[in-house]
**Student:** 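Just passing along the structure, written as structure tokens.
One-based numbering along the sequence shown. Just so you know, these numbers use all the heavy atoms, side chains as well, and skip hydrogens, waters and symmetry mates.
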Amino acid sequence: MKAVLLAGGLGTRMREETEFRPKPMVEVGGRPVLWHIMKILGQKSIQDFVICTGYKSEIIKNYFANYDAMNSDFTVKLGSRKSIEYHGEHDESDWSVTVAYTGAATMTGGRIKKVQKYVGDERFLCTYGDGIADVDIDALLEYHESHGKIATMTTVQPLSRFGVLDLDADGSVKRFKEKPQVEGWINIGYFIFEPEIFDYLDDDSVLEEEPLHRLAADNQIAAYKHQGFWQPMDTYRETLMLNELWDSGNAPWRSW
């Protein structure tokens with residue numbers, strides 16, 4: 001199964017990091033967050049990736065075009081453009097990575113539509129290039145196959161941004177709850193799509209708007225409830241938190 005990774009957005013909420021690189025290339029533990037997502041999927045035998053790029057696409061292109069040289073010893077005969085010999089293999093030697101420029105201002109659904117030629121007529125996983133989660137891909141796929149719909153989205157119950165209070169009718173404070181889990185469920189990506197998803201997309205689509213709404217109206221999408229770790233990287237503070245988790249040696253998503 002191929003994985004389509006959405007990596008073309010501007011990342012405007014964390015300009016400290018994204019002024020010079022796309023958000024999926026912001027590093028956690030010295031590696032782009034995009035790499036961490038690919039490693040998570042690679043542990044479940046997903047090794048064929050299609051990366052939808054846009055903003056500062058050249059950063060992602062250069063990273064993967066030079067991946068072998070940056071992660072292996074090599075010998076090069078200077079003056080001969082084709083004479084380079086790599087020594088040994090790195091852990092990602094079996095990955096196949098297609099880096100596709102899908103437009104600077106293209107929205108999420110449009111980006112997926114533009115890589116249809118690389119996906120082909122087959123089921124695929126799709127997720128955002130800036131959200132780390134220890135999703136059980138085998139269980140997600142089993143759930144997807146059980147309901148027979150075109151799409152499955154992975155959902156979580158996030159923690160509230162704020163602590164809340166339990167109050168009596170007279171206004172007395174009964175107890176404090178420090179950032180409790182909210183009741184609703186939110187989309188975190190890690191979609192499984194059947195090829196029929198492309199019938200719901202065009203070059204201007206915002207995946208989270210009309211396409212998902214139409215799938216829901218047609219009873220063609222279901223939600224997989226993820227109970228484990230999930231953390232988006234939307235702010236500089238969240239970048240620091242993910243790096244602290246990695247540096248502590250207790251990163252919940254690390255399975256390699």
Side-chain angles (χ1 to χ4, degrees), residues 1-13 18 21-26 32-38 40-42 46-67 92 95-133 135 137 140-141 144 149-154 187-218 220-221 232-234:
M1 185 167 61
K2 291 185 175 74
V4 173
L5 306 175
L6 297 168
L10 292 174
T12 54
R13 284 187 288 178
T18 60
R21 55 185 166 179
K23 186 163 66 167
M25 296 303 290
V26 175
V33 65
L34 180 64
W35 179 90
H36 287 267
I37 296 167
M38 295 167 76
I40 292 168
L41 299 178
I46 297 177
Q47 297 177 329
D48 196 342
F49 302 96
V50 180
I51 304 176
C52 304
T53 66
Y55 174 69
K56 295 194 178 297
S57 173
E58 68 279 3
I59 304 295
I60 298 176
K61 288 183 176 181
N62 288 335
Y63 181 78
F64 288 103
N66 297 300
Y67 195 89
E92 297 74 53
W95 286 7
S96 174
V97 182
T98 300
V99 181
Y101 180 69
T102 53
T106 308
M107 305 305 288
T108 47
R111 295 192 191 281
I112 300 170
K113 182 68 172 179
K114 289 184 177 184
V115 298
Q116 183 175 2
K117 60 186 176 183
Y118 300 121
V119 174
D121 189 23
E122 60 186 68
R123 174 186 297 161
F124 64 100
L125 182 143
C126 179
T127 195
Y128 306 109
D130 60 359
I132 295 178
V135 176
I137 302 300
L140 170 61
L141 186 56
H144 176 78
K149 302 180 190 296
I150 292 173
T152 298
M153 70 161 55
T154 298
N187 163 37
I188 66 166
Y190 292 88
F191 299 93
I192 303 291
F193 289 136
E194 297 297 326
E196 289 81 6
I197 185 63
F198 291 110
D199 296 334
Y200 288 78
L201 302 173
D202 58 45
D203 288 348
D204 298 319
S205 293
V206 180
L207 174 66
E208 299 76 11
E209 296 180 0
E210 184 188 12
L212 292 189
H213 294 177
R214 284 180 56 205
L215 285 165
D218 293 345
Q220 287 296 329
I221 186 169
M233 196 179 65
D234 289 331

**Student:** Atom CD1 in Ile46, atom CG in Leu125: separation rounded to 0.5 Å?
**Tutor:** 5.0 Å
**Student:** What heavy-atom pair brings Tyr101 and Gly54 nearest, and what distance separates the two atoms?
**Tutor:** CE1-O, 3.4 Å
**Student:** Do the side chain of Thr127 and the main chain of Tyr190 share a donor and acceptor less than 3.5 angstrom apart?
**Tutor:** yes
**Student:** Hey, what do you get for CG (Leu207) to SG (Cys126), rounding to the nearest 0.5 Å?
**Tutor:** 6.5 Å
**Student:** For Ala133 and Ile40, work out which heavy atoms get closest and say how close.
**Tutor:** O-CD1, 3.5 Å
**Student:** With sequence neighbours left out, write down each residue that passes side chain to side chain contact (heavy atoms under 4.5 Å, CB included) with Lys113, or none if nothing qualifies.
**Tutor:** Gln116, Phe198, Leu201, Asp203
**Student:** Testing the basics here: between Ile37 and Gly131, what is the closest heavy-atom pair and its distance to 0.1 Å?
**Tutor:** CD1-O, 3.6 Å
**Student:** Run the side chain to side chain donor-acceptor pair (under 3.5 Å) test on Tyr118 and Asp48 for me, step by step, so that the C-alpha distance in whole Å, both residues' side-chain angles and the decisive distance to 0.1 Å come before the verdict.
**Tutor:** CA-CA 10 Å; Tyr118 300 121; Asp48 196 342; over 6 Å; no
**Student:** Carefully, step by step, assess Tyr200 and Phe193 under the rule side-chain contact (heavy atoms from CB on, under 4.5 Å).
**Tutor:** CA-CA 11 Å; Tyr200 288 78; Phe193 289 136; over 6 Å; no
**Student:** Parallel, tilted or perpendicular: which one describes the rings of Tyr63 and Tyr67, with boundaries at 30° and 60°?
**Tutor:** perpendicular
**Student:** Is there a side-chain contact between Glu122 and Glu194 in this structure, where contact means two heavy atoms from C-beta onward sitting under 4.5 Å apart?
**Tutor:** no
**Student:** Can you list everything that forms a side chain to side chain contact (heavy atoms under 4.5 Å, CB included) with Asp199? Sequence neighbours excluded, please.
**Tutor:** Glu196
**Student:** Restricting to salt bridge (charged side-chain N to carboxylate O under 4.0 Å, His left out), what partner residues turn up for Asp218, sequence neighbours left out?
**Tutor:** none
**Student:** Testing the basics here: between Ala7 and Pro22, what is the closest heavy-atom pair and its distance to 0.1 Å?
**Tutor:** O-CB, 4.5 Å
**Student:** Within the side chain of Arg111, is there an N or O that forms a donor-acceptor pair under 3.5 Å with the backbone of Gly103?
**Tutor:** yes
**Student:** Walk me through it: do Ile51 and Thr98 pass the test side-chain contact (heavy atoms from CB on, under 4.5 Å)?
**Tutor:** CA-CA 6 Å; Ile51 304 176; Thr98 300; over 6 Å; no
**Student:** Please report the shortest heavy-atom distance between Met25 and Ile60, naming the atom on each side.
**Tutor:** CG-CG1, 3.6 Å
**Student:** How many angstroms lie between NZ in Lys56 and CD in Glu58, if you round to the nearest 0.5 Å?
**Tutor:** 6.0 Å
**Student:** Determine, stepwise, if the pair Phe49 / Leu5 fulfils side-chain contact (heavy atoms from CB on, under 4.5 Å).
**Tutor:** CA-CA 7 Å; Phe49 302 96; Leu5 306 175; 4.1 Å; yes
**Student:** Measure the CZ-CD distance between Phe64 and Glu92 for me, rounded to the nearest 0.5 Å.
**Tutor:** 9.5 Å
**Student:** Quick one: do the Glu208 and Thr108 side chains pair a donor with an acceptor below 3.5 Å?
**Tutor:** yes
**Student:** Identify the two heavy atoms, one from Gly129 and one from Val33, that lie closest to each other, and give their separation to 0.1 Å.
**Tutor:** O-CG1, 3.6 Å
**Student:** A side-chain contact here means heavy atoms from C-beta on lying under 4.5 Å apart; do Ile221 and Leu212 qualify?
**Tutor:** yes
**Student:** Drop me the distance from Lys114's NZ to Cys52's SG, to the nearest 0.5 angstrom.
**Tutor:** 10.5 Å
**Student:** Rounded to the nearest 0.5 Å, what separates atom CE in Met107 from atom CD1 in Ile112?
**Tutor:** 11.5 Å
**Student:** Any heavy-atom pair between the side chains of Ile192 and Met153 that's under 4.5 Å?
**Tutor:** no
**Student:** Checking Gln220 side chain against Lys149 main chain: does a donor-acceptor pair fall under 3.5 Å?
**Tutor:** no
**Student:** Can you confirm whether Asp121 is buried at CG, in the sense that more than 12 heavy atoms of other residues, nucleotides or ligands lie under 6.0 Å from that atom?
**Tutor:** no
**Student:** If we ignore hydrogens and angles and just use 3.5 Å, is the side chain of Ser57 paired with the main-chain N or O of Thr53 as donor and acceptor?
**Tutor:** no
